[in-house]
Amino acid sequence: MKKNLLHAISLTICLAVLLVTVCGCSGKTKTSEKETSKAASSETSKKSSETALVDVTLNEVAHSIFYAPMYVAIEQGYFEEEGIRLTLVTGFGADKTMTAVLSGEADIGFMGPETTVYTYNEGSTDYVVNFAQLTQRAGNFLVAREEMPEFAWSDLRGKEVLGGRKGGMPEMVFEYILRQNNMDPAADLSIDQSIDFGSTAAAFSGGKGDFSVEFEPGATALETEGAGYVVASLGVDSGYVPYTAFSAKSSYIEKNPETIQKFTNALQKGMDYTLTHTPEEIAKVIAPQFKETDMETLTSIVSRYHQQDTWKENLIFEESSFHLLLDILSESGELTDRPEWKDLVTTSFAEKAAE
C-alpha cells in the first residue's frame, strides 16, 4: 500500500513538472511569435517609409560653402522629412548643369538664372523655370597680390584680371561693378576668361594675373598660403542680385507640383536654420560636405558670407530682381530679347514654403 502511494505521488510530481514545462514553452512560443510579428511589422513599416520617398536628382553648378543653406537642409535631413530621397551631382558650370536638366539627367538644376533666359530665347519649347532663389548677392571676391586697404575699382586700370566664363553670372556681375565705377571692361583692363572654373586660384598662385575673381574656399586658401589678399567683395559692391536659383523644366513642374513643393519646403527649413544659428553652428552642420576644409576655415568662410547678407530670408524670386538680371545681361551684350518674368519665374512654391 505504502509502495503504491509513493508511486502515485511520484507520478503526480512528474505530471506537474511536465505541465509547467509545456505551459512555459507555450508562453515562450507565444511571446516569440509576438516579437517576430512586431519585428516583421517594423521592417515592413521601414520598407514602406523608404518606398514612399520620391527620388530627385539635383545638379548644382558648383560645390561651394556659398550655398550653405542647401547643405544644411541635406545634413539636417529636411529633404527626407519632406519625403524626398535626394541625389546631389555637381555640374561644374551653369552650362553643364543646364544641359543635365534639359536632357533629363537631372530633375532640378541649381545655377545662375541667366541660363534659363538663354535657353528660353533660343526657342526651347519645354523651357526651364525658376521656382526658388537661394542667394541674393554675388559670392566671389577680388584677390590681389598684396594688401590694399584703400582699394578702389579704378586700381584695376591697365591690369590683368583672371575672370569667369563669358555669359556667366560671376563674370557679368564683375563687369557690372566695373561699369558702375565708370570703367570699360573691354578697354580699361585685360580680363582672362580662358581658365576653367575652379582653376583660377591655382593659376593665380602660379603667377598668372595681377588680380583674380575667386569663390570660396579659393579666396581664403590664397590668403592662407600668402599668395593673395581679398581686397573687395563683389557681393557687397554689386548690391542685391539674383545670383543663384533652383529651376526645372516646365513639364517637370507641371507633372510634379507636390515634389517641387516638398523640395522647396526642405530648402526653406535649411534657410531658416542658417539665418537663426551662428556661423560656428552652421559650419559644424555642413562640415561633412567639406571634409577637405578644416573647421576654422569653414567657420571663417560662413562668417564672411553671413556678414554680407548673402542668403535670402525666403526663396521668393521677386520681379524686380528678375528685371535687374535682364539689365545686367543687356549691359554685358548677352541679351537678345527680354522674356516676361511670369514666363520664367513661378513664386507659388516659395510663397507657400515661407508661410
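None of the values given here were measured: they were computed from a predicted structure.
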Within a strict 4.5 Å, meaning less than it, do heavy atoms of the [X] and [Y] side chains meet?
X	Y	value
Lys208	Glu160	yes
Pro113	Leu325	yes
Leu315	Gln133	no

Can you classify the ring geometry of [X] versus [Y] as parallel (below 30°), tilted (30 to 60°) or perpendicular (above 60°)?
X	Y	result
Phe246	Phe131	tilted
His63	Tyr71	tilted
Phe141	Tyr305	tilted

Exercise. Roughly how far, to the nearest 0.5 Å, is OG of Ser250 from CG of Asp126?
Worked result: 4.0 Å
Seminar exercise, completed: Taken in chain and number order and not counting sequence neighbours, the residues that satisfy salt bridge (Lys or Arg N to Asp or Glu O under 4.0 Å) with Glu214 are none
Problem set entry | salt bridge (Lys or Arg N to Asp or Glu O under 4.0 Å) against Glu60, all qualifying residues, sequence neighbours excluded | none
For this session: Could you give me the CA-CA distance, side-chain angles and deciding distance for Asp184 and Arg157, then say whether salt bridge (charged side-chain N to carboxylate O under 4.0 Å, His left out) is met?
Result: CA-CA 9 Å; Asp184 183 344; Arg157 278 197 170 86; over 6 Å; no
For this session: Not counting sequence neighbours, list each pair that qualifies as a ring-ring contact (aromatic ring centres under 6.0 Å, His included) and has a residue in residues 82-105.
Result: none
Seminar exercise, completed: So the ring-ring contact (aromatic ring centres under 6.0 Å, His included) pairs with at least one residue in residues 152-193 (sequence neighbours excluded) are Phe151-Trp153
Check side chain to side chain contact (heavy atoms under 4.5 Å, CB included) between [X] and all other residues, then give those that pass, not counting sequence neighbours.
X	answer
Ser199	Ile195, Asp196
Thr97	Asn59, Val61, Met111
Ala266	Tyr78, Phe79, Glu82
Ala152	Ser154, Asp155

Exercise. Is it true that Tyr120 and Val129 fall in one hydrophobic cluster, defined by side-chain heavy atoms closer than 4.5 Å?
Worked result: yes
Exercise. If you group Ile, Leu, Val, Met, Phe, Trp and Tyr by side-chain heavy-atom gaps below 4.5 Å, do Phe317 and Leu275 land in one group?
Worked result: yes
Report all side-chain donor-acceptor pairs from residues 329-337 shorter than 3.5 Å, counting only partners two or more places apart or in another chain.
from   : atom 1 : to     : atom 2 : distance (Å)
Ser332 : OG     : Ile328 : O      : 3.0
Glu334 : OE2    : Lys166 : NZ     : 2.8
Thr336 : OG1    : Asn121 : ND2    : 3.4

Exercise. At their closest point, which heavy atom of Leu222 faces which heavy atom of Ala201, and how far apart are they?
Worked result: CD2-O, 3.6 Å
Does any pair with a residue in [range] pass salt bridge (charged side-chain N to carboxylate O under 4.0 Å, His left out), and if so which ones, sequence neighbours excluded?
range	value
residues 129-149	none
residues 106-123	none
residues 295-314	Glu216-Arg304, Glu223-Arg304, Lys312-Glu318

Problem set entry | Check ion pair Glu175-Arg179 (N to O, under 4.0 angstrom) | yes
Problem set entry | Donor-acceptor under 3.5 Å (Lys291 side chain, Pro288 main chain) | yes
Exercise. Taking atom types as modelled, is there a side-chain donor on Thr119 or Ser124 under 3.5 Å from an acceptor on the other?
Worked result: no
